[in-house]
2 protein chains.
Amino acid sequence: MDLSCKSEYALLALLELADRHSQNEPLQIRQIAAIQSIPDRYLEQLLATLRRSGLVRSQRGAKGGYVLAREPWKITLLEVVESIEGTDSQQVETHRSAKTLEGMVIREAWQEAGDAADAVLQKYTLQDLTEKRNSRQQLDLMYYI
Amino acid sequence: MDLSCKSEYALLALLELADRHSQNEPLQIRQIAAIQSIPDRYLEQLLATLRRSGLVRSQRGAKGGYVLAREPWKITLLEVVESIEGTDSQQVETHRSAKTLEGMVIREAWQEAGDAADAVLQKYTLQDLTEKRNSRQQLDLMYYI
DNA sequence: ATTATATCCCGGTTCTCCACTGGGGTTTGT
DNA sequence: ACAAACCCCAGTGGAGAACCGGGATATAAT
């Protein structure tokens with residue numbers, strides 16, 4: 001299971017949006033990029049993809065930016081990665097051995113493995129990650145004292 | 001979960017070796033490549049990798065070829081894919097956000113997803129695949145009659 | 001209205017990896 | 001000796017990832 005740079009950037013940005021979701025004033029690309037040290041022109045493309053997938057909404061013009069389109073607990077990690085990584089709905093015939101019996105049993109095993117991974121990514125939401133981060137930050141403070 | 005061409009080729013070759021594992025005369029690259037329609041010079045590299053991982057043994061010279069190093073039910077799909085795909089020993093700092101709290105929780109989720117996928121690939125052996133293929137071939141014959 | 005501020009859209013660039021090819025060299029059975 | 005196989009190293013073409021840049025467009029504030 002590979003975590004690509006794209007997906008990580010997108011998730012970091014979405015976590016930032018999730019943090020500020022209660023006050024609903026938009027957050028700009030530049031700010032997110034600065035906070036998370038992401039190249040801003042690259043992040044722009046990722047946010048555009050997320051917008052087309054309906055995960056974020058954008059406000060153009062001055063004082064514009066991005067906000068989550070849904071509540072942080074209603075956005076799963078699977079949705080994010082499928083939006084970003086492009087869930088090529090047609091994976092027909094990328095391999096030539098799709099029709100042989102051997103190819104089919106192999107592909108079925110991989111399908112099952114992929115489904116198992118997807119199940120994990122589907123059970124976690126943006127909210128879950130922010131909560132986990134917050135509780136860990138709390139722990140760091142305790143050790144600091 | 002992505003099934004690369006490399007892993008698929010390697011598995012097809014290993015399934016072929018598993019088929020002929022009872023009679024223990026080696027099978028040549030050319031034969032495997034011809035049966036499964038794999039570019040032979042490419043398959044050569046993959047088999048070399050599998051040999052270095054200890055999954056197959058090779059016999060050089062005339063009448064040489066490859067045989068499974070272990071019984072087909074003692075080789076899991078996970079071993080194969082880890083051998084082929086390169087168990088990249090250094091994944092240290094491929095991402096710069098490895099030390100931030102957000103980066104850590106994200107990476108942990110991905111770790112869990114990867115583990116889930118690995119568990120599936122580990123429970124299947126070469127034997128399992130050949131048996132599944134054989135039973136399905138049996139089924140095809142029944143429908144043919 | 002004008003301007004500053006943001007997103008939007010299109011393209012190019014560099015880099016790495018995958019799939020594949022080629023040229024030899026080495027081992028082994030006949 | 002000789003042919004049949006594996007062995008090793010090196011290169012190529014295409015695709016995608018990770019960027020960067022130049023404008024066009026929409027919007028809030030003046």
Side-chain angles (χ1 to χ4, degrees), chain A residues 2-13 17 25-34 36-69 81 83-88 91 93-97, chain B residues 2-13 17 25-34 36-53 55-69 81 83-88 90-91 93-97:
Chain A
D2 52 329
L3 172 58
S4 71
C5 204
K6 288 169 76 170
S7 296
E8 185 176 0
Y9 285 163
L11 277 171
L12 289 171
L17 292 182
E25 50 184 16
L27 198 59
Q28 292 99 322
I29 294 177
R30 293 283 175 81
Q31 300 182 21
I32 303 174
Q36 292 291 348
S37 307
I38 301 174
D40 52 355
R41 307 304 261 106
Y42 191 39
L43 180 59
E44 181 186 329
Q45 298 176 14
L46 303 179
L47 284 172
T49 303
L50 294 174
R51 181 180 52 82
R52 293 185 200 103
S53 304
L55 293 176
V56 298
R57 267 182 289 110
S58 67
Q59 168 108 12
R60 303 182 63 169
K63 292 279 186 179
Y66 288 89
V67 290
L68 290 185
V81 68
S83 161
I84 282 298
E85 226 67 39
T87 172
D88 305 42
Q91 66 223 9
E93 297 309 297
T94 61
H95 299 262
R96 82 278 289 122
S97 74
Chain B
D2 52 331
L3 170 58
S4 72
C5 205
K6 288 169 78 169
S7 297
E8 184 176 359
Y9 286 163
L11 277 172
L12 288 171
L17 292 181
E25 48 184 19
L27 198 58
Q28 292 99 319
I29 294 177
R30 295 283 175 81
Q31 299 181 20
I32 303 174
Q36 292 291 348
S37 308
I38 303 173
D40 52 354
R41 309 299 266 107
Y42 191 39
L43 179 58
E44 183 186 327
Q45 299 174 14
L46 303 179
L47 284 171
T49 303
L50 294 174
R51 181 181 53 81
R52 293 187 201 100
S53 304
L55 292 176
V56 299
R57 269 183 287 109
S58 67
Q59 168 106 13
R60 303 181 63 170
K63 291 279 183 180
Y66 288 89
V67 290
L68 290 185
V81 68
S83 161
I84 281 299
E85 226 66 41
T87 169
D88 26 339
Q90 84 297 6
Q91 64 222 14
E93 297 311 296
T94 61
H95 300 262
R96 82 279 289 122
S97 73

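In this text, all values refer to a predicted model and were calculated from it rather than measured experimentally. In the text below, chain A, chain B and the rest are named by the order of the sequence lines, each starting its count at 1.
When the C1' atom of C:dC8 is taken as reference, atom CG of A:Leu46 falls 15 Å away, rounded to whole Å. For A:Lys6 and D:dC19, the NZ to P distance is 12 Å, given to the nearest whole Å. For B:Glu85 and C:dC18, the CD to P distance is 7 Å, given to the nearest whole Å. Look at CG on A:Asp40: it is 13 Å from P on D:dG22, rounded to the nearest Å. Atom pair A:Gln31:CD and C:dT5:P shows a separation of 13 Å (rounding to whole Å applied). To the nearest angstrom, C1' of D:dA17 lies 14 Å from CD of A:Glu8. Put simply, CZ on A:Arg57 is 15 Å from C1' on C:dT7, counting in whole angstrom units. Between the CG atom of A:Asp2 and the P atom of D:dA17 there is a distance of 10 Å, given to the nearest Å.
The shortest side-chain heavy-atom distance between B:Val56 and B:Leu17 falls under the 4.5 Å cut-off. Side-chain contact between B:Ser4 and B:Tyr9 is absent, with no heavy atoms from C-beta onward closer than 4.5 Å.
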Kindly give the atom pairs (protein nitrogen or oxygen, nucleotide nitrogen or oxygen) under 3.5 Å for nucleotides 9-14 of chain D.
{"unit_1": "D:dA10", "atom_1": "N6", "unit_2": "B:Gln45", "atom_2": "NE2", "d": "3.4"}

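When the side-chain nitrogen and oxygen atoms of B:Arg51 are compared with OP1 and OP2 of D:dC8, one or more of them lie within a distance under 4.0 Å. One finds a side-chain N or O of A:Tyr9 lying less than 4.0 angstrom from the OP1 or OP2 phosphate oxygen of D:dC19. The shortest distance between the side-chain N/O atoms of A:Arg52 and the OP1/OP2 oxygens of C:dC9 is below 4.0 Å. Residue A:Tyr42 has no polar side-chain atom (N or O) positioned under 4.0 Å from OP1 or OP2 of C:dT14.
Within 4.0 Å (heavy atoms only), A:Ile29 reaches sugar-phosphate atoms of the nucleic acid but no base atom.
The side chain to side chain donor-acceptor pair (under 3.5 Å) search around A:Ser58 returns none, not counting sequence neighbours. Every side chain to side chain donor-acceptor pair (under 3.5 Å) that A:Gln28 has, sequence neighbours left out, goes to A:Gln31.
Closest approach of A:Ile29 to A:Tyr66, counting heavy atoms only: CG1-CE1, 3.6 Å. Across all their heavy atoms, B:Glu8 and B:Leu3 have their closest contact at N-CD1, 4.0 Å. Here the closest heavy-atom approach between residue B:Ile84 and residue B:Lys6 is recorded as CG2-CB, 3.7 Å.
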May I have the step-by-step check of side chain to side chain contact (heavy atoms under 4.5 Å, CB included) for B:Ile32 and B:Leu12, ending in yes or no?
CA-CA 9 Å; B:Ile32 303 174; B:Leu12 288 171; over 6 Å; no
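Distance check, rounded to the nearest 0.5 Å: OG of A:Ser83 to CG of A:Leu55 gives 5.0 Å.
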Which atom pairs, one a donor and one an acceptor, fall under 3.5 Å between side chains of residues 40-49 of chain B and the rest of the protein, sequence neighbours left out?
{"unit_1": "B:Asp40", "atom_1": "OD2", "unit_2": "B:Arg30", "atom_2": "NE", "d": "3.2"}
{"unit_1": "B:Arg41", "atom_1": "NH1", "unit_2": "B:Glu44", "atom_2": "OE1", "d": "2.5"}
{"unit_1": "B:Thr49", "atom_1": "OG1", "unit_2": "B:Gln45", "atom_2": "O", "d": "3.0"}

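In this structure, the nucleotide among D:dC19, D:dC7, C:dT7 sitting nearest to the side chain of B:Ser58 is D:dC7.
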Between protein and nucleotides 24-30 of chain D, map the contacts as a letter string: B base, S sugar-phosphate only, - none, heavy atoms under 4.0 Å, written 5' to 3'.
-BBBS--
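Of the two residues near DNA chain D, A:Pro39 and B:Arg30, the one whose nearest nucleotide lies more 5' is B:Arg30.
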